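All remarks here apply to the structure that follows.
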Amino acid sequence: MVFANANFPTSADGRTYHVELKRGEAANRIITVGDPARAKRLAKFLDSTPPVFELNSHRGFYTATGRYKGVPVSIIAIGMGIPMMDFFVREVRAVVDGPLCIIRLGSCGSLNGAKPGEFMVPTSAVALTRNYNYFAPGAKGQKPYDITMEFPADPTLSKIVTEELSQVFGNDKVHNGVNITADSFYSSQGRMDDNFKDDNQDLFEVIHKELPSAVSLEMETFMLYHLAHCTTAAPLVEKKHQQSIHCGASMMVFADRVTNQFIDHSIVPELEEKAGRAVFEALIKWTPDETVHDEHGSVWEKLH
Ligand code: R1P
Ligand code: URA
């Protein structure tokens with residue numbers, strides 16, 4: 001395939017380089033997940049008409065677009081880590097007109113005593129990254145890990161997601177607070193690994209001291225909140241410097257990092273389905289205040 005424009009590679013028919021979506025294949029409302037199996041589980045809840053559009057990109061992104069209770073939505077599985085969130089948000093932003101509402105349904109570790117099977121809805125997120133310079137030959141006077149400042153979720157969206165999950169699972173099972181997005185499942189989440197020099201034995205103490213309101217650890221939410229904060233006007237909007245991405249996140253607790261308990265994976269499919277329904281309900285409650293992508297010629301167009 002030939003891609004024009006090294007700055008933002010795009011194929012002749014308008015597909016982006018990694019996510020491979022073109023205009024009319026991603027809706028303004030999106031649920032993003034890590035695991036493609038989770039995405040396929042949620043895609044089953046889409047209306048039967050129009051038929052669900054599915055696309056597997058050569059770089060491992062999976063998209064399903066259709067309607068949920070008549071409202072156009074996409075589910076996009078991105079895999080794991082900060083760069084995958086960056087690819088997804090930028091490439092989808094490039095092919096959708098109007099504002100975007102993106103809600104992540106992920107998994108995480110808890111720091112606040114929340115048990116496996118409970119939920120986090122982070123009101124803000126920081127990134128916690130390995131300071132590579134600290135580990136360089138001859139390096140001195142550095143800290144092994146860095147923590148960024150907080151970037152907020154859309155407060156209205158977080159409230160709706162919290163309410164919808166609470167209705168299904170109960171108020172006491174849904175937690176709000178600051179999420180930490182780490183650049184490793186291992187070193188920068190404080191997991192010990194004798195095969196590497198990680199110098200992370202006191203990482204939880206540092207977190208408790210510098211960020212006492214931290215409740216969860218995972219690997220993508222910060223980048224979603226950060227890019228939403230940094231986005232400029234939507235392509236159809238004339239005003240400049242106006243954020244065009246509204247974002248929120250919800251994560252199932254898979255690991256209790258206080259007691260070291262890990263989720264029994266046999267309960268995950270049902271948990272994901274119930275949570276998925278709740279997140280769909282939140283997503284369709286979002287009301288855009290600007291024109292959304294034209295349905296004419298899109299994969300969610302209702303052909304009569
Ligand atoms: C690690 O196991 C993965 O699980 C979490 C982390 O953020 C990371 O991507 O989220 P997902 O279940 O959405 O992938
Ligand atoms: N995902 C993470 O990134 N960390 C955990 O502990 C569990 C899920």
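First listed ligand is number 1; within each ligand, the first listed atom is number 1. A quick note: this is a predicted structure, and the numbers were derived from the prediction, not measured.
- Side-chain contact between M85 and T32 is present, with heavy atoms from C-beta onward closer than 4.5 Å.
- Below 3.5 Å of separation, one finds no N or O of G81 facing any N or O of ligand 1.
- Within 4.0 Å of ligand 2, counting heavy atoms only, the contacting residues are S107, C108, G109, F185, Q189, R191, L217, E218, M219, A255.
- Checked against a 6.0 Å centroid threshold, the rings of Y68 and F45 do not count as neighbours.
- Nearest protein heavy-atom contact of atom 8 (C) of ligand 1 is E220 OE2, 3.6 Å.
- Follow the hydrophobic side-chain contacts under 4.5 Å out from L128 and you never reach V258; the two are in separate clusters.
- Taking the side chain as every heavy atom from C-beta outward, K115 and V253 never approach each other to under 4.5 Å.
- Relative orientation of the W286 and H246 rings is tilted, given thresholds of 30° and 60° on the angle between their planes.
- Contact atoms of ligand 1 toward R38: 11 (P), 12 (O), 13 (O) (distance under 4.0 Å to a heavy atom of the residue).
- Remark: of the listed residues D183, D198, D146, D198 is the sole one forming a salt bridge (charged side-chain N to carboxylate O under 4.0 Å, His left out) with R130.
- Any N or O atom pair closer than 3.5 Å counts here, and M219 shares at least one such pair with ligand 1.
- The shortest distance between side-chain heavy atoms of R90 and L227 falls below 4.5 Å.
- In terms of protein heavy-atom proximity, atom 4 (O) of ligand 1 is closest to S107 OG, 3.1 Å.
- Applying the 6.0 Å contact sphere to CZ of F262 captures more than 12 heavy atoms from other residues, nucleotides or ligands.
- With a 4.5 Å cut-off on side-chain heavy atoms, K69 and I284 count as touching.
- Atoms of ligand 1 lying under 4.0 Å from any heavy atom of F185, numbered from 1 in the order shown and given with element: 1 (C), 2 (O).
- Atom 3 (C) of ligand 1 has its closest protein heavy atom at M80 SD, 3.7 Å.
- Taking only nitrogen or oxygen atoms, main chain and side chain alike, D35 does not reach within less than 3.5 Å of ligand 1.
- For R104, every heavy-atom contact with ligand 1 shorter than 4.0 Å involves the side chain, none the backbone.
- Counting only heavy atoms from C-beta outward, the side chains of M120 and N179 never approach each other to under 4.5 Å.
- E270 is linked by a salt bridge (charged side-chain N to carboxylate O under 4.0 Å, His left out) to K274, counting only residues two or more places apart in sequence or in another chain.
- In this structure, atom 14 (O) of ligand 1 lies nearest to the protein heavy atom G34 CA, 3.4 Å.
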